[in-house]
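Lettering follows sequence order; numbering is per chain, from 1.
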2 protein chains.
Amino acid sequence: MRTFSFAGGETGEWRIERIAAVTGESLPAAPRLRILQGPDAAGTAAWCLRGITSNERYVNRGEKGALVAVQPALGRPEARHAALIPIRKSSAWWALPQDERRAIFEEQSSHIATGLEYLPAVARRLHHCRDLATDEPFDFLTWFEYAPQDVTAFEKLVARLRSSPEWSFVDREVDVRLIRT
Amino acid sequence: MRTFSFAGGETGEWRIERIAAVTGESLPAAPRLRILQGPDAAGTAAWCLRGITSNERYVNRGEKGALVAVQPALGRPEARHAALIPIRKSSAWWALPQDERRAIFEEQSSHIATGLEYLPAVARRLHHCRDLATDEPFDFLTWFEYAPQDVTAFEKLVARLRSSPEWSFVDREVDVRLIRT
């Protein structure tokens with residue numbers, strides 16, 4: 001099962017430090033986040049976002065090799081900071097053919113190259129929501145884990161991506177920051 | 001809602017003429033097919049396959065323009081023949097980076113160029129199953145509609161695609177043929 005549920009509520013290993021709306025509507029406040037494997041909605045959660053890990057959509061062979069060589073696993077003991085960043089892209093983005101989405105993603109926005117600069121400090125897992133059977137509020141849920149000494153670097157990574165041409169197609173984005181307890 | 005369910009059973013607008021296993025396990029016999037919009041499983045069906053329409057994964061701008069210019073809509077009165085072809089691709093396929101999947105799909109296998117030769121005779125809708133929240137038996141459900149005089153052309157299209165390099169990555173395929181009643 002490649003499906004993960006992120007439930008904001010009273011319980012969970014992660015304490016929510018802040019929830020900020022970057023673009024569009026925010027998410028309701030919640031003190032904790034629980035991550036569950038599987039599509040089950042957490043009954044008592046304030047909110048529950050679901051996504052599924054999948055094949056990569058844009059990386060080429062060389063980029064994949066470079067990523068695999070340096071990307072760390074989730075769950076490192078020192079990586080007590082995390083960010084859950086749910087994103088939705090506009091219908092204009094989804095109407096673009098593959099070659100134009102790729103060109104915006106990497107040749108214009110250096111999404112992969114920028115991310116590579118922050119490896120192996122930042123561990124990451126991408127979840128897709130757009131093609132779940134149900135209508136979901138976001139297209140992607142990105143989950144990041146990093147150590148306290150990499151907080152500043154992570155802020156820089158996020159700021160660089162948000163200032164890229166690709167981000168002009170983001171029509172909803174929420175930024176949830178967390179500490180493992 | 002972009003989700004469609006294909007239910008094989010006692011009811012439905014389409015009479016099933018034959019069900020053939022091309023690669024791997026077949027589907028149970030059923031006299032009729034019902035197509036429903038939405039993810040609801042048909043309670044009494046012998047089988048029910050679900051999929052979701054999505055953005056294109058391989059076509060470039062030029063190919064998209066060529067397709068849009070000639071592809072017909074579903075539901076033409078004369079298109080009384082149909083094929084439902086569910087397909088699963090191997091884990092080796094899904095592990096390939098985007099550029100290599102694209103190269104096999106089009107530069108090596110001419111999937112788009114071959115399909116274009118059979119337009120506007122054959123109408124088509126592709127449904128994705130791989131990224132539904134639940135584990136599905138196929139990755140894609142392809143639905144085709146064509147008129148009686150195009151039956152031979154459609155057989156040729158299917159045979160050409162099955163002999164392409166791309167098809168060496170298909171590890172399950174069932175071919176369901178139908179007539180509108």
Side-chain angles (χ1 to χ4, degrees), chain A residues 1-6 36-41 48-68 88-107 111-112 126-136 139-141 169, chain B residues 1-6 36-41 48-68 88-107 111-112 126-136 139-141 169:
Chain A
M1 175 49 68
R2 302 175 286 129
T3 309
F4 292 86
S5 298
F6 296 82
L36 304 95
Q37 212 160 351
D40 299 328
C48 186
L49 302 175
R50 304 180 311 148
I52 189 162
T53 58
S54 187
N55 57 292
E56 283 132 356
R57 307 298 163 87
Y58 300 110
V59 297
N60 65 31
R61 169 64 64 181
E63 291 155 354
K64 185 162 183 162
L67 288 166
V68 166
R88 188 180 65 202
K89 282 179 170 169
S90 66
S91 53
W93 172 264
W94 295 112
L96 291 173
Q98 177 70 25
D99 57 336
E100 295 188 7
R101 276 183 281 109
R102 156 72 198 193
I104 295 165
F105 184 87
E106 189 58 21
E107 282 69 26
H111 191 132
I112 300 160
L126 178 64
H127 313 77
H128 297 256
C129 327
R130 183 172 148 78
D131 291 340
L132 298 178
T134 50
D135 286 328
E136 298 291 321
D139 291 333
F140 308 101
L141 312 175
F169 293 93
Chain B
M1 176 49 70
R2 302 175 286 130
T3 309
F4 293 86
S5 299
F6 296 82
L36 304 95
Q37 213 160 353
D40 300 328
C48 186
L49 302 175
R50 303 181 311 149
I52 190 162
T53 57
S54 187
N55 57 290
E56 282 133 357
R57 309 297 164 88
Y58 300 111
V59 298
N60 64 31
R61 168 65 62 182
E63 291 156 354
K64 185 163 182 161
L67 287 166
V68 165
R88 188 180 66 202
K89 282 179 169 170
S90 67
S91 53
W93 171 264
W94 295 111
L96 291 174
Q98 177 70 26
D99 57 336
E100 295 188 7
R101 277 183 280 110
R102 157 71 199 193
I104 295 165
F105 185 87
E106 190 58 20
E107 282 69 27
H111 191 132
I112 299 160
L126 178 64
H127 312 78
H128 296 257
C129 326
R130 182 171 150 79
D131 291 339
L132 297 179
T134 50
D135 285 329
E136 298 292 322
D139 291 332
F140 307 101
L141 312 175
F169 292 93

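- Ranked by non-hydrogen atom pairs under 4.5 Å with chain B, the options Arg102(A), Glu56(A), Arg130(A), Lys64(A) are led by Arg130(A).
- Glu136(B) and Cys129(B) make their closest contact through CG-O, 3.6 Å (heavy atoms, listed as atom of the first residue, atom of the second, distance).
- Proximity to chain B (any heavy atom under 4.5 Å) is shown, for Leu132(A), by both the backbone and the side chain.
- Note on Asp131(B) versus Arg57(A): salt bridge recorded, some NZ/NE/NH1/NH2 to OD/OE distance being below 4.0 Å.
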Test side chain to side chain contact (heavy atoms under 4.5 Å, CB included) applied to His127(B) and Thr3(B), step by step: CA-CA 8 Å; His127(B) 312 78; Thr3(B) 309; over 6 Å; no
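- In this structure, His111(B) has its ring center no closer than 6.0 Å to that of Tyr58(B).
- Only the side chain of Arg101(A) comes within contact range of chain B, judged by heavy atoms closer than 4.5 Å.
- Residues of residues 88-95 of chain A that come closer than 4.5 Å to chain B, counting heavy atoms only, are Trp94(A), Ala95(A), ordered by residue number.
- Aromatic ring centroids of Phe140(B) and His128(B) lie under 6.0 Å apart.
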Residue pair Glu106(B), Asn60(B): steps toward the side chain to side chain contact (heavy atoms under 4.5 Å, CB included) verdict: CA-CA 10 Å; Glu106(B) 190 58 20; Asn60(B) 64 31; over 6 Å; no
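- With a 4.5 Å cut-off on side-chain heavy atoms, Arg61(B) and Leu96(A) count as touching.
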